[in-house]
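Here is the structure we will look at, set down as structure tokens.
What you see is a predicted model, and the numbers here were worked out from it, not measured in a lab. Letters go in sequence order (proteins before strands), and every chain restarts at 1.
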Number of protein chains: 2
Amino acid sequence: MAITRKGEVRRTALLEAVVRVLEREGPTGVTHRAVAAEAGVPLAAATYYFANLDDLLVSALTLATQQQVALIAGLGAWDIPGVARLLFDVTHGNRAAAIAQYELLFLAMRRDSLRPAADLWYRTLEDAVNQRVSDPRAARVIALAIDGLLLRMLWTGEPSTQESIEASLRDILRA
Amino acid sequence: MAITRKGEVRRTALLEAVVRVLEREGPTGVTHRAVAAEAGVPLAAATYYFANLDDLLVSALTLATQQQVALIAGLGAWDIPGVARLLFDVTHGNRAAAIAQYELLFLAMRRDSLRPAADLWYRTLEDAVNQRVSDPRAARVIALAIDGLLLRMLWTGEPSTQESIEASLRDILRA
DNA sequence: AGACGAATGGTACAAACGTACCAGACTTTG
DNA sequence: CAAAGTCTGGTACGTTTGTACCATTCGTCT
């Protein structure tokens, strides 16, 4: 955590609250008041640390992306069971949070200032695959398919078991 | 078009206005007033035809999905140049609309009543690929990768030319 | 033609919103 | 320890929101 100046604690508490509100209420539920209440701080704190709502959302995405990237980068064994477990955890154990992450990423489509965060996410995924697959073009396709699989799992819930995820991954890797 | 009872015209005008507002303002911009103004009808019409905002959004997704599905199903030649042109049109010629579609689809993640619409979208894409690829497991992977590619193009803008899209598709199909 | 339900559009209102302000309490710096 | 800065939290204001209401007009049946 390093030497957090006092205010930094509140600042990140607010950013993490954004994701939780997003989980619960969706994009339209993210208001100064809702986020402040979720973080357990007075309304004025939300306006003090972030110039406006946009700033709050942009900062939340930046933080959330970094956390997600760290999660992927920190995954030691990039093998099929390991990835399957990660995917399972993300889409089933923590589904709402994963949806919130993607909703934040969608914000990036509208704002050029968020483009770097989106790029970082994609590059991380591709680099991770590249670590295991020699052919870079094949790695790119695999990364695309895994991303598609992740979304599909969020949408339809399928595949729903760790075993079937592994089967899907094996299908993808046969390229 | 069929025999549209008078009110049906306004109803669908409102639903199409939802997508346009979504394009312009994002999810938080979709209000009764904004949609009514976009459709050129008085505010009361929006509350008359749709019980509440949720109903309006849900109905808009259902209509938009059907349109998108018809677009894909109506694509005659399911070959690489044809798909590349479709992808190019969707992500570059009509980027805002495509983003709006996905934003609506994200709503489906939160509402069980929208699950059928999301399922329909996926099944359509898979069926279309199945038409050309014999192995169903391979077809599924290809559909996932194409979906991932579509999203990636919306996010990062790459690949940006019709030729590079074709190249990506060839990479995907080499499975 | 008359009747009756559907559709229209103007208006009203309480609630929630983004944002601004400010007096007081802490922290840091010299 | 005093001064300068940062942080706190309560309050206020003008706007916009979802939704309700209602008198009127239109379309469709008997």
Taken to the nearest whole Å, CG/Leu14(B) to P/dG9(C) is 12 Å
When rounded to whole Å, the CZ to P distance for the pair Phe50(B) and dA20(D) reads 16 Å
Residue set satisfying ring-ring contact (aromatic ring centres under 6.0 Å, His included) with Phe50(B), at least two apart, ordered chain then number -> none
Assert: residue with more 5' nearest nucleotide on DNA chain D, out of Val41(A) and Leu53(B), is Val41(A)
Taken to the nearest whole Å, NE2/His32(B) to P/dA14(C) is 20 Å
To the nearest angstrom, the CG-C1' distance between Asn52(B) and dT17(D) comes to 14 Å
I'd like to know if the side chain of Thr156(B) reaches the main chain of Met153(B), judged simply by a donor and an acceptor atom lying under 3.5 Å from each other, with no hydrogens or angles considered. no
Rounded to whole Å, the CZ-C1' distance (Arg10(B) to dT25(D)) equals 12 Å
Discussion item. Looking at dT8(D), I'd like to know if its phosphate oxygens (OP1 or OP2) sit under 4.0 Å from a side-chain N or O belonging to Tyr49(A).
Written reply: yes
Taken to the nearest whole Å, OH/Tyr48(B) to P/dC26(D) is 15 Å
Taking for Thr47(B) and for Leu43(A) the nucleotide of DNA chain C with the nearest heavy atom, the one nearer the 5' end belongs to Thr47(B)
Glu25(B) atom CD is separated from dT17(D) atom C1', nearest whole Å, by 14 Å
Hey, is the side chain of Arg11(A) poking within less than 4.0 Å of OP1 or OP2 on dC7(D), counting only N and O atoms?
no
Result for 5'-nearest mapping on DNA chain C, choosing between Thr28(A) and Ala44(A), is Thr28(A)
Is Arg33(B) near enough to dT19(D) that one of its side-chain N or O atoms lies under 4.0 angstrom from OP1 or OP2?
-> no
| query | Is it true that atom CZ of Arg85(B) has more than 12 heavy atoms of other residues, nucleotides or ligands lying nearer than 6.0 Å? | reply | no
Item to check | Trp121(A) side-chain N/O to Gln68(A) backbone N/O, donor-acceptor pair under 3.5 Å | outcome: no
From CD of Glu8(A) across to P of dT27(C) the rounded distance in Å is 16 Å
| Given side chains that start at C-beta, do those of Asp54(A) and Arg111(A) come closer than 4.5 Å, heavy atoms only? | yes
Name the nucleic acid region contacted by Thr31(B), choosing base, sugar-phosphate or nothing; use a 4.0 angstrom heavy-atom cut-off, strictly under.
sugar-phosphate
